[in-house]
Trainee: 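First, the structure itself, so that you have it in front of you.
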Protein chains: 2
Amino acid sequence: MSAANIDVRTLGTPDQINTWMRDVLARVEDKWGVLILGILSSGPLRYAELGRQLPDTSQRMLTLSLRRLERDGLVVRTVFPSTPPQVEYALSPVGLSLHLQMAQLIGWALEHEDYIRTHRRSYDEARPGGGSGGG
Amino acid sequence: MSAANIDVRTLGTPDQINTWMRDVLARVEDKWGVLILGILSSGPLRYAELGRQLPDTSQRMLTLSLRRLERDGLVVRTVFPSTPPQVEYALSPVGLSLHLQMAQLIGWALEHEDYIRTHRRSYDEARPGGGSGGG
DNA sequence: CCGTATCCTCCAGGATACTG
DNA sequence: CAGTATCCTGGAGGATACGG
C-alpha cells in the first residue's frame with residue numbers, strides 16, 4: 001500500500017485511532033519497547049544480556065516490556081531447559097516489521113533534529129519565562 | 001531515503017535515541033499530538049473548531065499540545081487581529097512530513113490489528129489471571 | 001540465571017473557574 | 001472567541017527485596 005498519502009481520518013474515526021493506535025504505540029513506546037525491538041533486530045538475546053544493553057532499566061520494567069511485546073506476538077520467548085535456566089528473546093516477523101517502521105520514524109526525527117532544535121530556541125528566545133522543557 | 005534497513009543502533013547510542021527520539025515522539029504522542037497533526041493535515045483550523053474535533057480534550061491540554069507543536073515548528077499559529085479575535089492553526093511543511101510518517105505507522109497498526117488481537121487473546125487464554133489490559 | 005512482589009514517587013493530563 | 005490558572009488523581013515506572 002502506498003501509505004504516503006494516507007489521511008489519518010480515512011483510517012478510522014479519531015476515537016478509533018486514539019484508542020487502538022495509541023494502544024499499539026503504547027506498547028512500543030512504554031519507554032523501553034522501541035529500544036528492545038531495536039536491540040533484538042540484530043539477533044536474539046538472553047534476558048541478562050538484554051538487561052546489560054539497557055543499563056537504565058529496572059528488572060521490573062524489562063520484564064514488563066518483554067511480556068507485553070510477547071503478548072502481542074512481536075517478540076518470541078524461548079526457554080531452554082538447561083542448568084542454569086536459559087531464556088532467549090527474539091523478534092517475530094511482525095515484530096521486525098514494526099521495528100522497520102519505527103526505524104523510519106527515528107530516521108525522520110534525526111533528519112529534522114536541527115530544524116526542531118533551532119525552532120525551539122528561537123521560540124524560547126521570543127518568549128521570556130516560557131523556556132525550558134526540550135532537550 | 002531507503003530507511004527500510006536502518007538498524008536502530010546505527011542511528012546513535014541507545015541513550016541518544018532514548019533521549020532525543022522519545023523527546024520528539026513525546027511531542028506527537030502527548031496524547032493529542034498525532035490527532036492534531038492528522039486533523040490539521042486536511043487544512044488549517046481555528047482553536048474552537050479544533051476543540052470540537054477533539055471532543056475529549058480539555059482546553060488546557062489542547063493549548064499545551066498546540067504550544068509544543070508550535071514550538072517545534074510543526075504547527076504554525078496565525079493571529080488575525082479581528083473582532084472577535086481569530087486564531088488559525090496550520091501544519092508547517094515539516095509538520096506535514098511528520099504526519100506522513102505517523103500515517104505510515106498508523107497504517108502498520110491497522111494492518112496488524114488482527115494479528116495482535118488474536119495473539120493477545122491466545123496469550124491471555126494460556127495464562128489464567130494475567131488477562132485484561134488490551135482492547 | 002530469570003524473574004516476581006511491594007512500596008513509593010512523580011508528573012501527564014482531566015475538571016473547573018476565571019480573563020482579555 | 002481564545003486562551004490561563006489552579007487543584008487533584010491515576011498510573012507509569014524506579015528501588016529494593018525475595019523466590020524458583
Side-chain angles (χ1 to χ4, degrees), chain A residues 15 18-19 22-36 40 44-71 75-90 127-130 132-134, chain B residues 15 18-19 22-36 40 44-71 75-90 127-130 132-134:
Chain A
D15 192 56
N18 189 39
T19 298
R22 278 186 55 82
D23 181 40
V24 168
L25 283 210
R27 204 143 327 265
V28 109
E29 252 284 312
D30 74 332
K31 185 149 196 195
W32 302 109
V34 223
L35 278 292
I36 292 177
L40 289 182
L45 283 180
R46 295 171 59 181
Y47 182 85
E49 180 57 23
L50 215 30
R52 232 161 281 131
Q53 302 224 23
L54 265 5
D56 302 329
T57 331
S58 56
Q59 279 168 324
R60 182 185 125 88
M61 284 319 294
L62 181 55
T63 302
L64 273 181
S65 300
L66 247 14
R67 287 291 176 279
R68 282 175 218 223
L69 293 169
E70 190 198 355
R71 186 167 101 106
V75 156
V76 180
R77 178 173 178 270
T78 313
V79 181
F80 298 101
S82 53
T83 316
Q86 192 167 332
V87 180
E88 192 182 84
Y89 291 91
R127 321 211 163 192
S132 87
Chain B
D15 193 56
N18 190 39
T19 298
R22 277 185 56 81
D23 181 40
V24 168
L25 283 210
R27 203 142 327 265
V28 106
E29 251 285 312
D30 74 329
K31 185 146 197 199
W32 302 108
V34 221
L35 279 285
I36 291 176
L40 289 182
L45 283 180
R46 296 172 57 182
Y47 181 87
E49 180 57 24
L50 214 32
R52 232 162 281 130
Q53 302 224 24
L54 266 5
D56 301 328
T57 330
S58 56
Q59 278 168 326
R60 182 185 126 87
M61 284 320 294
L62 181 55
T63 302
L64 274 180
S65 301
L66 248 14
R67 286 290 175 278
R68 284 175 215 222
L69 293 169
E70 189 198 356
R71 186 168 101 104
V75 156
V76 180
R77 177 173 179 271
T78 314
V79 181
F80 298 100
S82 53
T83 316
Q86 191 167 330
V87 180
E88 191 182 86
Y89 291 91
R127 321 211 163 193
S132 87

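Lettering follows sequence order; numbering is per chain, from 1.
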Trainee: Sequence neighbours left out, what passes salt bridge (charged side-chain N to carboxylate O under 4.0 Å, His left out) with B:Arg52? Give chain and number order.
Mentor: B:Glu49

Trainee: Among all residues two or more places apart in sequence or in another chain, which pass the side chain to side chain donor-acceptor pair (under 3.5 Å) test with B:Arg60?
Mentor: none

Trainee: What is the bend of the helix from C:dC1-D:dG20 to C:dG20-D:dC1 when you compare the axis at one end with the axis at the other, using five pairs each and rounding to 10°?
Mentor: 50°

Trainee: Output all residues satisfying side chain to side chain donor-acceptor pair (under 3.5 Å) with B:Thr63, sequence neighbours left out; order by chain, then residue number.
Mentor: B:Tyr47

Trainee: Could you go through nucleotides 13-16 of chain D and list every protein N or O atom that sits under 3.5 Å from one of its N or O atoms, giving the distance for each pair?
Mentor:
from, atom 1, to, atom 2, distance (Å)
D:dG13, OP2, A:Asp30, O, 3.3
D:dG13, N7, A:Arg60, NH2, 2.5
D:dG14, OP1, A:Lys31, NZ, 3.3
D:dG14, O6, A:Arg60, NE, 3.2

Trainee: To the nearest 0.5 Å, what is the distance between OG1 on A:Thr57 and CG on A:Leu66?
Mentor: 10.0 Å

Trainee: Taking all heavy atoms of A:Ser65 and all of A:Ile36, pick out the closest pair and write down the distance.
Mentor: CB-CD1, 3.7 Å

Trainee: To check you understand the geometry: which heavy-atom pair defines the closest contact between A:Arg46 and A:Pro85, and what is its length?
Mentor: NH2-O, 4.0 Å

Trainee: Reckon A:Arg52 has a side-chain N or O less than 4.0 Å from the OP1 or OP2 of C:dC2?
Mentor: no

Trainee: Could you tell me whether B:Tyr89 contacts a base, only the sugar-phosphate backbone, or nothing, with contacts defined as non-hydrogen atoms closer than 4.0 Å?
Mentor: sugar-phosphate

Trainee: Taking the side chain of B:Pro85 as heavy atoms from C-beta outward, which of D:dT4, C:dG3, C:dG20 is closest to it?
Mentor: C:dG20

Trainee: To the closest 0.5 Å, what do you measure between CG (B:Leu40) and CG (B:Leu50)?
Mentor: 5.0 Å

Trainee: Look at the side chain of A:Thr63 and decide which nucleotide, out of D:dG3, C:dT4, C:dC1, has an atom nearest to it.
Mentor: C:dT4

Trainee: Answer whether the closest heavy-atom distance between the side chains of A:Arg67 and A:Glu70 falls below 4.5 Å.
Mentor: yes

Trainee: Rounded off to whole Å, could you give me the CG-to-P distance for the A:Leu62 and D:dA12 pair?
Mentor: 17 Å

Trainee: Rounded to the Å, how far apart are A:Arg67 CZ and C:dG3 C1'?
Mentor: 7 Å

Trainee: Which residues within residues 44-51 of chain B lie with some heavy atom under 4.0 Å of an atom in DNA chain D?
Mentor: B:Arg46, B:Tyr47, B:Ala48

Trainee: Which distance, rounded to the nearest 0.5 Å, do you find between the CG of A:Asp30 and the CG of A:Leu64?
Mentor: 8.0 Å

Trainee: Got a second to check how far A:Lys31's NZ is from A:Asp56's CG, nearest 0.5 Å?
Mentor: 8.0 Å

